[in-house]
**Student:** 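Here it is: the structure, laid out below.
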Amino acid sequence: MAFESIEKSTKIEEEEEWRRDTILPQVMKIVCSRFIVPHKDLISLLLVSPSLRRSLNSYSSLWPVIDLREYNNAGERLLAALSLARYQNVNQISLEFAQGVEDKHMELLQIKFKNSVQNLEHLNLNGCQKITDKGVEAITAACTKLKSFSIYWNVRVSDLSMTYLVKNCKNIVDLNLSGCKNISDQSLQLIANNYQHLESLNLTRCVKLTDGGLLQILCKCCALRTLNLYADSSFTDVAYKKFSLLVDLRFLDLCGAQNLSDEGLSCVAKCKNLVSLNLTCLFGIVGVTDNCLEALSKSCSNTITTLDVNGCVGIKRRSREELLQLFPHLVCFKVHS
């Protein structure tokens, strides 16, 4: 009886081990292939068991993302990750507000791991303030299939970075240069001449830009769906009058557009697919009045859901019923107090 008990116990243990080593990895494979599992959760799953770790590591399709947002020593971590077999076909890298990311890491990536990032489409360097034009040159040379490039809040990159970007990466459709204060009209001309299919552009607080540069974008990047000009107060109606060329524009942020008038906004209103329009200004946009709402209503009444005119002192308060008569689909409306 004792022998039979031991034999039964051994058999149960073998069955449990088989389930653990065979069934669990297969289940995880199915789960990961049908659902988007966050990168950090996948890393945690590696610690569950050796068998699960082996199984997950064997499927590179489960590892399209390297997410090192807000990590310390992120430059070294990135290079270490790219040395692993599971990251040989990475599609997205995020280093947003990560610490320890420098030009040298971008250069080593280009030299040692170019094959691993040859299919990279999305790169987020937001807040990586130690990256300079030199680093942008290296990373764009390595990642020539980029579609999305974001380098928010970087005062070290200049127009030279845009020269490298347009030279190396021909497929950019989403570009975030917010806070890049050394970007000038030269960069906008490069963007306009090379990215006519651009869909999203963020130029928040790019203080060197003028009407001349913006006009290049408006006349050549007619596929834009999202345009953010937050705190770019130097633009005037000279540029705003060309907004009617952006027939596919959905989201427009003109917060701080102190020189905007009803005349300019009436041209913006010709963007018949507008969904969200931000006209907030702390110091007041005195040139915009109630007339602009009438113009917007005529062109965009069927699409506008969000309209923020906080600071537009010439626009009066309206009841919810009055607003819905102008914009039947309006969900959010903000007006000055």
Side-chain angles (χ1 to χ4, degrees), residues 121-124 126 136 140 143-152 154 157-257 259-260 264-279 299-300 303:
E121 294 184 345
H122 307 281
L123 176 62
N124 186 331
N126 287 345
V136 173
T140 57
C143 309
T144 59
K145 294 184 180 179
L146 280 181
K147 293 182 178 179
S148 173
F149 181 65
S150 186
I151 193 164
Y152 161 84
N154 187 312
V157 297
S158 70
D159 294 326
L160 189 56
S161 284
M162 291 303 100
T163 302
Y164 297 136
L165 183 68
V166 301
K167 174 186 175 183
N168 296 322
C169 306
K170 306 298 184 182
N171 303 316
I172 295 291
V173 293
D174 186 341
L175 181 58
N176 186 347
L177 302 176
S178 174
C180 296
K181 296 183 178 181
N182 288 317
I183 296 296
S184 76
D185 286 348
Q186 181 183 341
S187 287
L188 296 195
Q189 184 169 359
L190 288 168
I191 293 167
N193 289 339
N194 291 274
Y195 298 139
Q196 282 80 30
H197 299 293
L198 194 66
E199 296 178 3
S200 178
L201 178 61
N202 192 329
L203 299 173
T204 291
R205 298 190 187 278
C206 292
V207 295
K208 290 186 177 182
L209 304 181
T210 71
D211 283 339
L214 181 57
L215 282 171
Q216 293 286 322
I217 297 294
L218 299 176
C219 292
K220 296 181 180 179
C221 299
C222 296
L224 275 171
R225 298 168 62 90
T226 298
L227 180 58
N228 194 318
L229 301 176
Y230 182 98
D232 294 329
S233 59
S234 63
F235 298 133
T236 72
D237 280 351
V238 171
Y240 295 136
K241 288 178 181 179
K242 293 294 183 181
F243 267 83
S244 58
L245 298 173
L246 304 182
V247 295
D248 292 322
L249 194 64
R250 272 30 173 204
F251 301 91
L252 176 60
D253 192 336
L254 294 178
C255 178
N259 300 316
L260 180 64
L265 193 53
S266 66
C267 295
V268 172
K270 293 179 182 178
C271 301
K272 296 183 178 181
N273 291 302
L274 267 182
V275 172
S276 176
L277 176 60
N278 185 1
L279 297 174
S299 299
C300 309
T303 58

**Student:** Please list, chain by chain and in numerical order, all residues satisfying salt bridge (charged side-chain N to carboxylate O under 4.0 Å, His left out) with Lys181, sequence neighbours excluded.
**Tutor:** none
**Student:** Got more than 12 heavy atoms from elsewhere within 6.0 Å of NZ, Lys167?
**Tutor:** no
**Student:** Excluding sequence neighbours, so at least two apart, what forms side-chain hydrogen bond (donor to acceptor under 3.5 Å, both in side chains) with Ser158?
**Tutor:** Asp133
**Student:** Is Asp185 reaching over with its side chain to a backbone N or O of Leu214, donor-acceptor style, under 3.5 angstrom?
**Tutor:** no
**Student:** So if I apply the side chain to side chain contact (heavy atoms under 4.5 Å, CB included) rule between Leu177 and each of Asn202, Val157, Ile151, Leu209, which one comes out positive?
**Tutor:** Ile151
**Student:** My understanding is that only residues two or more places apart in sequence, or in another chain, count here; which of them pass salt bridge (charged side-chain N to carboxylate O under 4.0 Å, His left out) with Glu121?
**Tutor:** Lys147
**Student:** Under the side chain to side chain donor-acceptor pair (under 3.5 Å) definition, can you give me all pairs with a residue in residues 239-253, not counting sequence neighbours?
**Tutor:** Lys241-Glu263, Asp253-Asn278
**Student:** Once side chain to side chain donor-acceptor pair (under 3.5 Å) is applied, what residue pairs with a partner in residues 264-277 remain, sequence neighbours excluded?
**Tutor:** none
**Student:** Hey, is the main chain of Leu274 close enough, under 3.5 Å, to the side chain of Thr303 for a donor-acceptor pair?
**Tutor:** yes
**Student:** Can you check whether Thr204's main-chain N or O pairs, donor with acceptor, with Asn228's side chain at less than 3.5 Å?
**Tutor:** no
**Student:** Any non-hydrogen side-chain atom of Cys222 less than 4.5 Å from a side-chain atom of Val247?
**Tutor:** no
**Student:** Between Asp232 and Arg205 (side chain of the first, backbone of the second, donor and acceptor by atom type, cut-off under 3.5 Å), is there such a pair?
**Tutor:** yes
**Student:** Is the shortest side-chain heavy-atom distance between Leu246 and Leu252 below 4.5 Å?
**Tutor:** no
**Student:** Mind checking what makes side chain to side chain contact (heavy atoms under 4.5 Å, CB included) contact with Asp159, not counting sequence neighbours?
**Tutor:** Ile183, Ser184, Gln186, Ser187
**Student:** For residues Val238 and Leu215, determine if any side-chain heavy atom of one lies less than 4.5 Å from a side-chain heavy atom of the other.
**Tutor:** yes
**Student:** Going by distance alone, is a donor N or O of one side chain under 3.5 Å from an acceptor N or O of the other, for Asn171 and Lys145?
**Tutor:** no
